[in-house]
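Throughout, numbering of the chain's residues begins at 1 and tracks the sequence.
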Amino acid sequence: RRRRQQQQQQQPSLNTISIVMANKNNQRRKQQKLAAPSATRRHKNAVVKLPEITKCIRNSDPTLIDEFGFVEIRNALPSILIEQIYREAADKIGNLNQRSNNANSNNNTNRSSGRKRNSPSSSPSLRGGGEGTTTTSTTTATTTTTTNEVEEISNALQTDVSEELFRKVKMAMEDCDIAKRTMVTVFGKKGPPTTSPSSSSSSNNNDDDDDSCSSSSIHPTNRTESNYKGYVLETPKVLITPPGSPPQLPHADDHCSSCVFCLIHLGDGQEPTRVARYREDGDGKKKKKEKDYPTGITVGCDRCNRTEQLPDKDFRRGVHLTNEKWHCNCTSPHTPYDFEHKLTESFSELLSENAPNLCDAYAGPPSPHQSSGDGFLGLPTLIHRGPGNPTSATESRFVLFLTLRPLYDNMKQMEKGQVSVDKLHHHYNPALQIHASCMLYNQFKKVNSIYERAGCGLDGYFGAIVGAETASLMSEVKRLKEENRKLKEKIVSVRKKHSRSGRDFDGDWTIDGGG
């Protein structure tokens with residue numbers, strides 16, 4: 001009896017030792033293969049195979065970035081710096097795995113407390129979501145915070161770059177000749193010549209790449225110089241795509257030329273990013289098709305004082321930020337502001353039947369010819385997609401992402417009470433990527449506002465689109481917003497009343513018996 005009691009007392013400790021040893025072995029294996037094939041509940045039993053891509057688009061000339069949408073970059077960073085960035089990100093993933101293992105063994109009941117609902121293109125953390133995740137969703141993109149160090153985005157994980165390593169990246173990229181020439185090409189072009197309204201209206205319609213003007217009396221040197229003076233590096237992230245991750249949805253990083261984004265491989269032989277053709281081909285010959293990308297900014301004409309939408313080509317020169325004089329096509333009819341329409345026109349291919357097959361070519365050489373330190377600089381309006389990582393892969397794909405934002409001289413001096421110039425400077429926002437769902441959402445908002453202005457909103461018909469429960473919540477939110485607006489108006493009215501009577505009001509405000 002005594003021996004049986006001893007065995008029973010020892011059994012739990014033996015089980016505990018077995019669990020700890022199993023976790024240590026799992027952790028050791030995961031450290032050796034940073035990302036063993038794992039996927040979300042959605043792709044738990046799915047085998048991810050990448051499509052065979054046989055086409056490549058090559059461009060190493062910065063002056064042709066508006067033709068191809070990107071320019072290749074080689075050996076952008078020192079090899080020792082690349083290794084440091086890679087190791088820093090790998091250690092964070094290892095810490096994530098360890099915390100996830102500990103959480104799984106200690107409290108399985110919290111397994112699903114913080115997981116996000118995955119979209120078709122989602123692929124969460126190496127542990128399939130893990131414990132302690134918090135979800136943040138927007139109308140255009142979904143980001144799940146896995147830990148303080150690692151976030152889930154689309155089909156990959158992302159983590160920040162430490163300040164020390166980012167300082168070294170800045171030093172290297174500021175001396176990069178390809179980066180300098182690319183930024184000058186995008187943001188340093190001359191503007192239109194200063195002419196009379198009749199001649200300027202015709203010259204403004206010329207292609208940006210054409211230095212000729214409609215009037216033979218105007219010399220090319222009379223064109224407006226850009227105030228572009230340099231660039232600053234921002235938003236450094238390491239993107240990690242584990243094995244078993246499907247490709248991203250085709251998307252653009254922004255709706256206008258707010259910056260130039262940069263992707264640099266942190267490993268040899270990784271799958272390159274896939275891109276769509278930036279300029280359309282026709283009849284076997286390349287023909288330029290300049291798109292009027294919506295900037296979301298309106299400015300006043302310095303000649304006719306009319307307020308018009310700022311074209312992307314003038315937005316690049318920083319017209320809205322600097323003291324440069326800007327003239328619209330004064331002799332043309334006024335164009336009403338319509339951001340959603342321009343967005344749909346500029347990225348209409350994302351809603352076409354062939355949208356899933358748009359990115360049918362690699363940017364640069366194919367795998368395994370990509371080397372550590374290689375990558376490309378791309379326009380934010382370039383439609384591209386992360387290639388994913390097949391289930392058969394044994395390593396994760398590590399890529400450094402960052403943006404190069406233009407800086408300008410002769411910044412406007414804003415008067416007191418006006419919005420600061422820095423707030424007018426459109427910064428890259430990773431939560432506002434342009435993909436099919438973003439465009440559909442903007443169209444939905446536009447159509448709804450059209451009907452609301454006519455006094456017949458679509459509130460009663462939302463259920464057919466988003467479901468009855470979501471439609472009910474949307475209606476409740478709208479009702480609460482309206483109620484809040486009325487309460488604020490009453491508070492202002494009561495305050496004015498007490499102010500006129502010369503009395504001070506202290507304590508809680510109570511209106512019509514309500515709080």
Side-chain angles (χ1 to χ4, degrees), residues 22-41 43-44 48 77 81-106 111 114-116 118 121-136 142-166 169 235-248 263-271 372 375 386-402 430:
N23 286 339
K24 287 185 176 180
N25 291 334
N26 288 337
Q27 180 62 22
R28 190 175 296 112
R29 284 194 295 269
K30 288 182 180 294
Q31 288 175 344
Q32 293 171 351
K33 296 181 180 180
L34 254 176
S38 63
T40 63
R41 291 172 294 170
H43 302 289
K44 189 174 181 180
V48 176
L77 302 175
L81 177 57
I82 290 176
E83 177 61 27
Q84 290 173 338
I85 297 172
Y86 170 85
R87 182 50 50 196
E88 181 183 70
D91 289 344
K92 291 180 181 179
I93 296 298
N95 294 335
L96 169 63
N97 287 339
Q98 184 176 1
R99 283 191 292 268
S100 186
N101 284 337
N102 293 338
N104 284 335
S105 60
N106 292 333
R111 184 179 297 274
R115 285 177 175 172
K116 82 175 218 183
N118 296 301
S121 63
S122 297
S123 177
S125 69
L126 302 178
R127 296 292 302 172
E131 280 71 28
T133 60
T134 58
T135 303
T136 304
T142 304
T143 300
T144 300
T145 303
T146 310
T147 68
N148 292 332
E149 295 182 328
V150 181
E151 289 181 317
E152 176 196 341
I153 56 161
S154 185
N155 70 333
L157 304 173
Q158 81 173 13
T159 182
D160 292 328
V161 178
S162 65
E163 292 184 5
E164 177 62 22
L165 292 181
F166 186 42
V169 172
T235 59
K237 303 284 184 181
V238 176
L239 309 181
I240 307 108
T241 309
S245 301
Q248 286 181 316
L263 288 174
I264 300 175
H265 288 273
L266 301 181
D268 293 330
Q270 296 187 149
E271 197 83 2
S372 176
N389 206 358
T391 304
S392 58
T394 58
E395 296 182 355
S396 292
R397 177 180 183 263
F398 282 73
V399 176
L400 174 65
F401 173 90
L402 49 89

Can you see which heavy atom on [X] is nearest to which on [Y], and at what distance?
X: Ala156; Y: Thr241; result: CB-OG1, 3.8 Å
X: Glu271; Y: Arg397; result: O-NE, 2.7 Å
X: Glu395; Y: Asn389; result: O-ND2, 3.0 Å
X: Phe398; Y: Ala90; result: CE2-N, 4.1 Å
X: Pro243; Y: Ser396; result: CD-OG, 3.7 Å
X: Pro247; Y: Pro387; result: CG-O, 3.5 Å

Heavy-atom check, side chain of [X] versus side chain of [Y], under 4.5 Å:
X: Leu81; Y: Leu165; value: yes
X: Ile85; Y: Val169; value: yes
X: Leu402; Y: Lys237; value: no
X: Ile264; Y: Val399; value: no

Distance check, rounded to the nearest 0.5 Å: [X] atom [atom1] versus [Y] atom [atom2]?
X: Gln84; Y: Ser162; atom1: CD; atom2: OG; answer: 8.5 Å
X: Ile82; Y: Ser372; atom1: CD1; atom2: OG; answer: 4.0 Å
X: Glu83; Y: Glu88; atom1: CD; atom2: CD; answer: 12.0 Å

Give a yes-or-no answer on whether the side chains of Glu151 and Thr159 include a donor-acceptor pair shorter than 3.5 Å.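 Note: Glu151 and Thr159 side chains miss the donor-acceptor criterion.
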
Partners meeting side-chain hydrogen bond (donor to acceptor under 3.5 Å, both in side chains) with Thr235 (sequence neighbours left out):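 Result, side-chain hydrogen bond (donor to acceptor under 3.5 Å, both in side chains) vs Thr235: Thr403.
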
